[in-house]
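The structure appears right after this line, and notes come after that.
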Amino acid sequence: MRPIQMVDLKKQYQEIKADVDAAIHEVLDSAAFINGKAVQDFSKSLANYLDVKHVIPCANGTDALQIAMMALDLQPGDEVITPSFTYIATTEVVALLRLQPVFVEVDPKTFCIDPAAIEKAITPRTKAIVPVHLYGQAANMEAIMEIANRHGLAVIEDNAQAIGSDYYYKDGSSRKTGTIGTIGCTSFFPSKNLGCYGDGGAICTNNDELADKMRMIANHGQKVRYYHEMVGCNSRLDSIQAAVLNIKLPKLDQYIEARRKAADYYDQAFAGHKKITTPYRASNNKHVFHQYTLILEGINRDGLHQYLAEREIPSMIYYPVPAHRQNMFAALGGNKFELEVTDWLTERVISLPMHTELDQEQLAYITTEVLAFADKN
Ligand SMILES: *Cc1c(COP(=O)(O)O)cnc(C)c1O
């Protein structure tokens, strides 16, 4: 059996090595390392794939969120509603820009921000909502957009874990996640569903004015070189990374199917188990399984993690400390938020290996060992 990885980037690279190597060499030969043709091509292809008007490539997913928030002209102290049950980047940029994070609950089934909790958290200072499509499952965007529109709030989708997912509206129409809110942000960190071989990110929007502004912000606030209209930053997607993404984007749907097949295998193996809850799949979106995350009840989670590790099966806790309990947010009153569902989930979730290269033998081994521990403990 091949060694099991949380994410098997080596094996995936072997499958596309010839194309990737050629694309990287083309960039080397052109010496257009910054904003070269590969970057332009990728932006167009991604806009086409997502069916969105503007794609603004940038240096990473965290920058994407920061640039999006900078473009919305938020003032220090303005409130931004976000889940606490997420990767730190979502909430960190809020504090970095001297805005006030308002942490709200997630839905215990989908792991995504709870629209009812958003509604309750809105105050006259609220300016934006940041739903996170956690683990590859979309937040309830139809409800969130309804609330946002009613209160005149911007919506920034954190799509770092769900690129390629489809969101299905009640009327039967659909849209790609990341293109529903005012602005969508994503990351091409190597382990993401569409990952490059270093850092990378992108912002999308259908709003021309915001697109223009975000392009300027990502480029030192300039449109004309050396004439700086506003304070910006330096955030670019390298041509070499774009070249890798140009090879991988056409395979994204196939990669998603491979993840969903692995998830199906896990689901079947754990179906009906009293102590194991498999990931819920809401009917309003296509789960793209960035992570395959179980909820354990009546099983010692750290014991399971250790037991699996001894059998060379990696597992991870995403995330061991929710944002509102991070020291980072102590000065912003993080601990005053009472988030029972978030705390409950934080103690019970565990993510199993999930990537495009998992084979039946590996899946059989992982599930057998998880069940062996669950039935003994
Ligand atoms: C990965 C990730 C980010 C940040 O992306 P980077 O490219 O690592 O900066 C933001 N939000 C979520 C939910 C993520 O998973």
Side-chain angles (χ1 to χ4, degrees), residues 6-7 9 42 46 55-70 80-97 101 103-104 106-107 110-113 128-139 141 144 155-165 177-178 181 183-204 214 218 233-238 241-242 244-245 248 259 279 285 287-293 316-324 326 328-329 342 345-346 349 351 354-355:
M6 258 334 260
V7 182
L9 293 175
F42 174 66
L46 185 60
V55 165
I56 298 139
C58 64
N60 56 66
T62 310
D63 275 11
L65 290 160
Q66 182 186 325
I67 293 162
M69 284 182 211
M70 286 170 80
V80 177
I81 295 176
T82 88
S84 172
F85 194 71
T86 179
Y87 180 56
I88 197 67
T90 317
T91 54
E92 183 184 32
V93 294
V94 177
L96 184 73
L97 295 173
F103 301 114
V104 303
V106 290
D107 177 320
T110 65
F111 304 111
C112 293
I113 196 165
I129 306 167
V130 188
V132 182
H133 305 315
L134 201 72
Y135 305 150
Q137 170 128 269
M141 288 306 293
I144 293 167
V155 175
I156 300 173
E157 292 175 77
D158 184 339
N159 197 32
Q161 300 192 1
I163 193 160
S165 172
T177 55
I183 303 171
C185 298
T186 201
S187 162
F188 307 120
F189 186 79
S191 64
K192 298 284 155 86
N193 286 21
L194 177 62
C196 58
Y197 294 164
D199 277 306
I203 310 158
C204 17
M214 292 191 289
C233 56
N234 172 24
S235 192
R236 295 184 281 243
L237 179 69
D238 289 348
Q241 300 308 336
V244 173
L245 292 165
K248 291 182 74 172
R259 287 172 178 274
N285 74 101
H287 201 318
V288 295
F289 288 100
H290 175 59
Q291 300 297 345
Y292 185 87
T293 305
M316 293 288 281
I317 311 304
Y318 296 121
Y319 298 92
V321 183
H324 74 290
Q326 297 283 355
M328 177 194 275
F329 293 119
T342 296
L345 286 174
T346 298
V349 289
S351 299
M354 173 50 76
H355 53 80

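When a ligand or atom number is given, it counts from 1 through the structure's own listing order. No experiment lies behind these values; they were computed from the predicted model shown.
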Any N or O on [X] sitting closer than 3.5 Å to an N or O of ligand 1?
{"X": "Gly61", "result": "yes"}
{"X": "Thr62", "result": "yes"}
{"X": "Ser187", "result": "yes"}

| message | Can a donor-acceptor pair be found, under 3.5 Å and without considering hydrogens, that links the side chain of Thr342 to the backbone of Ser84? | response |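 Absent.
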| request: Look only at the side chain of Gln326 and the backbone of Val321, and say whether a donor-acceptor pair between them is shorter than 3.5 Å. | output: yes
| said: Quick one, Phe189 with Tyr87, criterion ring-ring contact (aromatic ring centres under 6.0 Å, His included). Give me CA distance, side-chain angles, the key distance, then yes/no. | reply: CA-CA 13 Å; Phe189 186 79; Tyr87 180 56; 8.3 Å; no
| field | Closest approach of any protein heavy atom to atom 15 (O) of ligand 1, naming residue and atom | value |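 That would be Gln161 NE2, 2.8 Å.
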| query | When you measure from atom 2 (C) of ligand 1 to every protein heavy atom, which one gives the shortest distance, and what is it? | reply | Lys192 NZ, 2.6 Å
Is any side-chain heavy atom of [Y] closer than 4.5 Å to one of [X]?
{"X": "Lys248", "Y": "Leu194", "value": "yes"}
{"X": "Tyr135", "Y": "Pro279", "value": "no"}
{"X": "Glu92", "Y": "Leu65", "value": "no"}

| Counting heavy atoms only, which part of Val132 comes closer than 4.0 Å to ligand 1: side chain, backbone, both or neither? | side chain
| note | Going by the 4.0 angstrom heavy-atom rule, the piece of Asp158 near ligand 1 is side chain
| Among Ile163, Asn60, Val244, which residue meets the side chain to side chain contact (heavy atoms under 4.5 Å, CB included) test with Phe188? |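 Single side chain to side chain contact (heavy atoms under 4.5 Å, CB included) partner of Phe188 among Ile163, Asn60, Val244: Ile163.
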| task | List every atom of ligand 1 that sits less than 4.0 Å from any heavy atom of Asn60, numbering the atoms from 1 in the order shown and giving each element. | result |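 Ligand 1 atoms under the 4.0 Å threshold to Asn60: 7 (O), 9 (O).
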| said: Using a 4.0 Å cutoff against the non-hydrogen atoms of Ala160, which atoms of ligand 1 qualify? | reply: 2 (C), 3 (C), 10 (C), 11 (N), 12 (C), 14 (C), 15 (O)
